[in-house]
S.K.: 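Handing you this structure, nothing more for now.
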Amino acid sequence: MKYTKEYVADFISGSIDNAALTESARNLKLKYYGDKVIIRGLLEISNFCKNECLYCGINSKNLKVKRYRMNSNEIFNSVIAGYTDGYRSFVLQGGDDPYYSDDLLVRVIYSLKSKFNDIAITLSLGERSYDSYRKLKEAGVDRYLLRHETVNKKLYSLLHPGQDFDNRIRCLYNLKELGYQVGTGFMVGLPSQTYDDLYNDLVFIDELQPEMVGIGPFIPHNDTVLRNEKKGDANEILRILVLIRNMLPKALIPATTALGTVSNEKQLLALRNSANVVMPNITPNDYKKDYKLYDNKKSKTVEELISSGIKISKVKGDHYDFRKKLYWW
Ligand code: SAM
């Protein structure tokens, strides 16, 4: 890790400025990915979840949620609709929902990959066994998103009753070993989180060397026990993204929906300086409103991005080291 704990705290909090670091982040992004933002279609396949994450609106304890899950046909047809719309990269995300057996997912992935040879499929379905990740990879999954959320073990276990931090980390290393493009990341502004914690999150990312890093502000949800807590600071996120782009120049870094929910302007600024991915929501309208992780969730459409002057690309958008020239622009 090339930054000291003190420097990270001062930089993230904004007590020191470093225009050269921001400039260097922008140049690295341009060097590896040009000036276009990669678009991934986000399909929220299920809001059932067996976990009780204190911050999350779809945690199993929230009885107010109208639960839904998409079946194989619905997933298949939504990806086809996205493809027709020009998308070539799809993220299938959901709560940790045991309904999605390996067999079911393998069938859907295999059918999609047989139909289209120019798409990337990313899964974000939580912690699964090594064997499950292996089968999914063999079926054609390209990438997996699994945020570590926080490396502060005490905070992690407070926020995730019944979950095991070490297992989450093991999952990330298993995914790496299996050859996935791996995404991790953390929330900023979690109750009691300190700058030391954020420094340790960056150290972990430096060790794991993920291909994708998603950083978002914690945003309270009114039906959770954290409803009265403060949301994360968008400026701190911008500065963390600058550090991450400098640490991992070739990483795929989304300007997250949560960041855009806190501040439209800061999400666009993230795309100017460090981030190079946005994930518009392509979930069918009937389900979209029920995948509410936090209050006032605002997902950007492709049209909104274009009208804000963002140049977009709907290519497969592999990490620089994984890309095949054939699919690149
Ligand atoms: N179940 C999968 C998992 O655990 O990785 C994926 C779905 S999970 C809902 C996706 C991400 O939403 C989590 O990694 C978490 O960081 C984020 N999230 C959940 N609740 C949030 C909140 N209140 N504010 C900001 N982000 C939140």
Side-chain angles (χ1 to χ4, degrees), residues 42-71 74-75 91-101 104-105 123-129 132 144-172 183-194 197 201 214-232 256-259 261-262 279 281 283-299:
L42 176 65
L43 192 58
E44 296 158 336
I45 65 171
S46 168
N47 68 358
F48 279 87
C49 191
K50 63 179 163 60
N51 293 332
E52 299 173 21
C53 310
L54 262 48
Y55 47 79
C56 185
I58 61 166
N59 79 69
S60 63
K61 294 277 181 196
N62 185 0
L63 301 180
K64 293 192 183 164
V65 179
K66 186 175 161 214
R67 304 281 170 177
Y68 72 86
R69 54 168 68 100
M70 293 172 67
N71 63 30
E74 290 175 301
I75 296 173
V91 180
L92 275 45
Q93 189 184 81
D96 284 36
D97 180 357
Y99 168 84
Y100 294 95
S101 64
L104 183 154
L105 289 171
L123 295 184
S124 176
L125 300 173
E127 295 170 38
R128 303 177 73 96
S129 67
S132 171
Y144 206 99
L145 301 176
L146 185 75
R147 288 183 178 180
H148 67 272
E149 315 294 4
T150 173
V151 285
N152 178 331
K153 274 191 169 197
K154 200 166 152 222
L155 182 58
Y156 186 91
S157 52
L158 273 171
L159 294 171
H160 304 96
Q163 282 180 255
D164 177 13
F165 172 80
D166 292 336
N167 190 56
R168 200 154 183 97
I169 302 301
R170 198 174 311 121
C171 284
L172 284 165
T184 196
F186 54 92
M187 273 176 285
V188 176
L190 288 166
S192 85
Q193 190 180 42
T194 64
D197 291 335
D201 284 317
I215 309 290
F218 155 71
I219 306 174
H221 185 294
N222 202 34
D223 299 325
T224 64
V225 292
L226 302 182
R227 67 180 67 83
N228 295 322
E229 298 293 335
K230 257 179 57 193
K231 63 179 178 230
T256 57
T257 303
L259 178 60
T261 297
V262 169
M279 300 199 268
N281 196 327
T283 309
N285 282 333
D286 282 355
Y287 298 137
K288 214 180 253 180
K289 60 184 183 321
D290 295 316
Y291 197 86
K292 221 179 109 198
L293 310 179
Y294 42 80
D295 289 337
N296 306 315
K297 184 175 155 204
K298 285 192 197 82
S299 192

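Nothing fancy with the numbering, it's 1 onward along the sequence. Since the model is a prediction, treat every value here as computed from it, not as a measurement.
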S.K.: Taking atom NZ of K64 as the centre, report whether more than 12 heavy atoms of other residues, nucleotides or ligands fall under 6.0 Å from it.
M.R.: no

S.K.: Suppose the criterion is salt bridge (Lys or Arg N to Asp or Glu O under 4.0 Å): which pairs have a residue in residues 151-168, not counting sequence neighbours?
M.R.: E127-R168, E149-R168, K153-D166

S.K.: Can you see which heavy atom on E74 is nearest to which on M70, and at what distance?
M.R.: OE1-CA, 3.2 Å

S.K.: Treating Y100 as the side-chain partner and I45 as the backbone partner, does any N or O pair qualify as donor plus acceptor under 3.5 Å?
M.R.: yes

S.K.: If we count only N and O atoms by modelled type, under 3.5 Å, do the side chains of N281 and S299 hold a donor and an acceptor together?
M.R.: no

S.K.: Please check this pair: side chain of Y287 against backbone of R67, looking for a donor-acceptor N/O pair closer than 3.5 Å.
M.R.: no

S.K.: Hey, could you give me the CD/CG distance between Q193 and N152, rounded to the nearest 0.5 Å?
M.R.: 8.5 Å

S.K.: Once rounded to the nearest 0.5 Å, what's the spacing between atom CG of L159 and atom CG of L190?
M.R.: 5.5 Å

S.K.: Does any pair with a residue in residues 49-59 pass side chain to side chain donor-acceptor pair (under 3.5 Å), and if so which ones, sequence neighbours excluded?
M.R.: N51-D96, Y55-H160

S.K.: When rounded to the nearest 0.5 angstrom, what is the spacing between CG in L43 and CD in Q93?
M.R.: 10.0 Å

S.K.: Under 3.5 Å, side chain of T256 to main-chain N/O of I215, donor-acceptor pair present?
M.R.: yes

S.K.: Find out whether L54 and P161 are in side-chain contact, i.e. whether some heavy atom of one side chain is under 4.5 Å from a heavy atom of the other.
M.R.: yes

S.K.: Got more than 12 heavy atoms from elsewhere within 6.0 Å of NZ, K288?
M.R.: yes

S.K.: Just how far is it from atom OG of S46 to atom CG of L125, taken to the nearest 0.5 Å?
M.R.: 8.5 Å

S.K.: Which heavy-atom pair separates R227 from D223 by the least distance, and what is that distance?
M.R.: NH2-C, 4.1 Å

S.K.: For the residue pair F218 and Y294, establish whether any side-chain heavy-atom pair is separated by less than 4.5 Å.
M.R.: no

S.K.: Heavy atoms only: give me the nearest G216-A258 pair and the separation to one decimal.
M.R.: CA-CB, 4.5 Å

S.K.: Check T150 against F165 and note the closest heavy-atom contact, atom names and distance.
M.R.: O-CE1, 3.3 Å

S.K.: How close do M279 and L42 get, counting heavy atoms only, and between which atoms?
M.R.: O-CB, 4.1 Å

S.K.: For atom NZ of K297, is the number of surrounding heavy atoms from other residues, nucleotides or ligands below 6.0 Å larger than 12?
M.R.: yes

S.K.: To the nearest 0.5 Å, what is the distance between OG1 on T224 and CD1 on I58?
M.R.: 12.5 Å

S.K.: Which atom pair, heavy atoms only, marks the closest approach of P217 to V262?
M.R.: CG-CG2, 3.6 Å

S.K.: Are D290 and N47 close enough that a side-chain donor and a side-chain acceptor fall under 3.5 Å?
M.R.: no

S.K.: Go through the structure and list residues passing salt bridge (Lys or Arg N to Asp or Glu O under 4.0 Å) with R147, not counting sequence neighbours.
M.R.: none

S.K.: Say you draw a straight line from CG of L123 to CG of L146; how long is it, rounded to the nearest 0.5 Å?
M.R.: 11.5 Å

S.K.: Within the structure provided, determine whether C171 and R128 are in side-chain contact (heavy-atom separation under 4.5 Å).
M.R.: no

